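Beneath this line is the structure, given in structure tokens, with notes to follow.
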Amino acid sequence: MLGFPQVSRRSADGFGPRKVDWSLLVIDFHLGHKLIRGPTQRNKYGLKTSPMKLDGVFREKRDMSILSLEVFAPSNAGQTPNAQENELVALFYTFQILESEAPMCRVACVDSTQMKRRSFPSLTLDIFPSELDLINSIVDVVVDLDPDILVGWDVQNSSWGYLAARAHSFGIEFEETIARAPPRYSSGNNFQWESRHTTTLKIAGRHVFNLWRIMRSEQTLNIYTFENVAFHVLGQRVPKYSPLTMSNWYRSTSPVHVAILLRYHTKRTMLNIEILNQTEVVTKTAEFARVFGVDFYSVISRGSQFKVESFMFRMAKPESYVLISPSKSDVGKQNAAECLPLIMEPQSSFYTSPLVVLDFQSLYPSLMIAQNMCYSTCLGRVIDFQGRNKFGVVDLDRPPKRLEKLHDHINVAPNGIMFVKPTVRKGLLSRMLTELLDTRVMVKQAMKGYRHDKALTRVLNARQLGLKYIANVTYGYTSASFSGRMPAVEMADSIVQSGRETLEKAIAFIHSTKKWGAEVVYGDTDSMFIYLQGKSREQAFKIGYEIADAVTALNPAPVKLKFEKVYHPCVLIAKKRYVGFKYENIDDREPIFEAKGIETVRRDGIPAQQKMTENCLKILFRTQNLTEVKQYCYETWTKLLENRAPVQDFIFAKEVKMGTYSDKGPPPPGVAVAAKRTIVDPGDEPQYGERVPYVIARGEPGTKLVDRAVDPLEYLQDPHSSLDGFYYISRVLIPPLERIFNLVGADVRQWYNEMPKARHIDLKSPSKAGDAQVIELDQYNISEHFDRSECLICGNFTLQGDRCYSM
DNA sequence: TAAGCAACCTAC
DNA sequence: TAAGGTAGGTTGCTTA
């Protein structure tokens, strides 16, 4: 580290990592200073700006600002608009400064008879003579408003991406024109990686948010269409219009249709921003950046390794540690891992007495702290392995007599790796983790004190999540075997094996303490499921807390066994699969249904499977009466056989990653459906990682499943097709029930076979119109549901039909 | 018919 | 080029 420039924390042009200042994370530095607001001014768009005085210096207060854009280009023959051919006719944008007043919405469109026909109250329309003028106008808007973030639902194929492609066709260097800085010509651009994971569009000085991809990592949903995300995040129903419908509307003479079109797109730009606000993405990203010590966009675009490293480096530098830079081949030459976490084979059964769940809080970080495990404290193996003393990617060169000297100051991990005790040297990682965990406790404490302040609570909450994140991925960093920058399998093994022994000892201890009458029936890595047969729930809580305290006392600080919850009753099905009624507090009256790993929480089945499994379990838990479960199954199957069940309950949706599948063997159904879709409409190819919906239709006997997978919309339009009821009942609905109810001695398949089926009703729908209605209303949200009470043209609430009296 | 494999998704 | 890890269950299909 000699010769490295000294960088002070306040140095504005300093480079290199700054030291981690933990206290800044606990109390927001804004609070430590008196903020003096300067006179409020308004910019040309009428938005307020006010300079702030901070540390005696006036600076413009800069909250993050967002510009959301969607575009409209009419296409031919119902195809998805294609930037090579289809001209833009309208742009829609909404601008908002975070934490500030109402957003500003505008529409810019190309002069045409449609747009001239009438004015559209409640919409601000800017009309331009040509597409080129339209594009130039948005460039001006971006330059004027100078937003930090550009957002669009799908930045690749529509929104900013479409706009950029159109601009390119006029020879405009769009990205450079709206950039804040000259472009950075980085050599290592990887188009494929970018397009699969973030976005290909890069604007120097601004962040481009590909919203659907952000939502994909933010929310667990069955399908990531704009409509579905808006519904789940905002509770709003929005319609979906096909490219054909929208193109027809634009070309139609009906002012109502043009108005719907304009208001629809405007609404989408607003909802983009509302979704961001609701999910607190910007707050979280900004706070994570502060905690991790990385730039804003890296929080989204880079992996955990980069973040751990950034954090670690900031701690390492003041201590003059240098992180090693092994080559790829050095990393590959590491020893193989030898230790496995403990995952007990559960005693699969239906448990009617309380089952207490305890788990070790942040087990791996705690162990690293407790045993002072770090790159900087490791002394290697007690005995050489294969004639070498390897530690991660390096060979340890331990001076002779070093061990003798340190004799009483060594901890030996269960896998035979030695670490010096903290009295000799406190490890960098353990110090980092100690600070992380302690600071997190303090941040949580501070949150309680500012409960009334929503904005600050959000910030502090994001901060404690960031701290938790780093603590959790630090272990992963040490064991990153194939992509690791600085892995150390021996240390990772030490951690895993210590964890395993900690858990094993706890189990043995619980079994040896007879007064509890407790039996550990399952455990996974850091958790224990303890059965208290014959005990009441109250007793279970009491014993659970007692065990937690006793085990904590047996372990070195900061290892802590925490009381988590009581399941009553509960079914343990297999490793990583269980379900029960959860009580978190002794005075909880109503339990919460909680399932792990089983079909009710998986997204590769269908909604009907989730609902039916969950309902059967609830009946079992509430009544413990199999006759009632059987009754429910009969009703559900009958409903299905009589074709009274809604189609959207039978739609599979799985992620597809086009271009990653092997040619041998048939593709997965979702891929086949997507491929078919792409042939009809090339612009409709699913994005990498998009979830593609399909249903299984009846087909010739012996046909493969892939060949019977159909796009749901296509299925609805085909009057001759019907769902494969046998497949759905026998291969989808029954198996998960079988696995559960086998444990209580019931044969669900037998129930089905015995079920009186009064008459054989073909699953073929008598009239598919019924289905179509259901699916459109609930799944695809036809316009009936959109702003029902609002006039589609002026936005007023005096509705008569589609529009209000004033039109 | 069993065993093996690819693909998915989840728990920790 | 960028990329935390492993364990585990299930389905649908192919191969031995």
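Keep in mind the model is a prediction, meaning the values are calculated, not measured. By convention in this document, chain letters (A, B, ...) are assigned in the order of the sequence lines, proteins followed by strands, and residues within each chain are numbered from 1.
With P as the reference atom, B/dC12 and C/dG4 are 22 Å apart, rounded to whole Å.
Taking the charged nitrogens against the carboxylate oxygens, A/Arg216 and A/Glu655 do have a contact shorter than 4.0 Å, which makes a salt bridge. Using a cutoff of 4.0 Å between basic side-chain nitrogens and carboxylate oxygens, A/Glu435 and A/Arg440 are not scored as salt-bridged. A salt bridge links A/Asp604 with A/Arg602: at least one charged nitrogen is closer than 4.0 Å to a carboxylate oxygen.
Geometrically, A/Arg302 engages A/Phe306 in a cation-pi contact defined by less than 6.0 Å to the ring centre and at most 45° from the axis. Cation-pi check for A/Arg290 over A/Phe288 is not met; the charged atom does not lie both under 6.0 angstrom from the ring centroid and within 45 degrees of its normal. The cationic atom of A/Lys560 (NZ for Lys, CZ for Arg) does not lie both less than 6.0 Å from the six-membered ring centre of A/Phe360 and within 45° of the ring axis.
Of all the residues in residues 207-219 of chain A, not one reaches under 4.0 Å from DNA chain B with any non-hydrogen atom. Listed by residue number, the members of residues 325-342 of chain A with any heavy atom below 4.0 angstrom from DNA chain C are A/Lys328, A/Leu340.
Of the possible donor and acceptor atoms, one in the side chain of A/Tyr224 sits under 3.5 Å from a partner among the backbone N and O of A/Gln219. No donor-acceptor pair under 3.5 Å is formed between the side chain of A/Tyr694 and the backbone N or O of A/Lys654. Side chain of A/Arg691 to backbone of A/Arg603: a donor-acceptor contact under 3.5 angstrom is found.
Side-chain nitrogen and oxygen atoms of A/Ser304 include at least one within less than 4.0 Å of the OP1 or OP2 phosphate oxygen of C/dG4.
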Self-check item: Nucleotide-resolved protein contact map, nucleotides 10-16 of chain C, B/S/- at heavy-atom distance under 4.0 Å
Solution: SSSSS--
Distance-only donor-acceptor pairs under 3.5 Å for side chains of residues 334-345 of chain A, two or more places apart:
residue  : atom : partner  : partner atom : Å
A/Gln334 : OE1  : A/Val489 : N            : 3.0
A/Asn335 : ND2  : A/Glu490 : OE2          : 3.1

Quiz item: DNA chain C in dot-bracket, Watson-Crick or G-U pairs under 3.5 Å, [ ] crossing, | other strand?
Solution: ....||||||||||||
Quiz item: Going through the distances and angles, do A/Leu723 and A/Ile696 end up as a side-chain contact (heavy atoms from CB on, under 4.5 Å)?
Solution: CA-CA 6 Å; A/Leu723 292 185; A/Ile696 300 299; over 6 Å; no
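Along DNA chain B, read 5' to 3', the first and last nucleotides having any atom under 4.0 Å from a heavy atom of chain A are B/dA7 to B/dC12.
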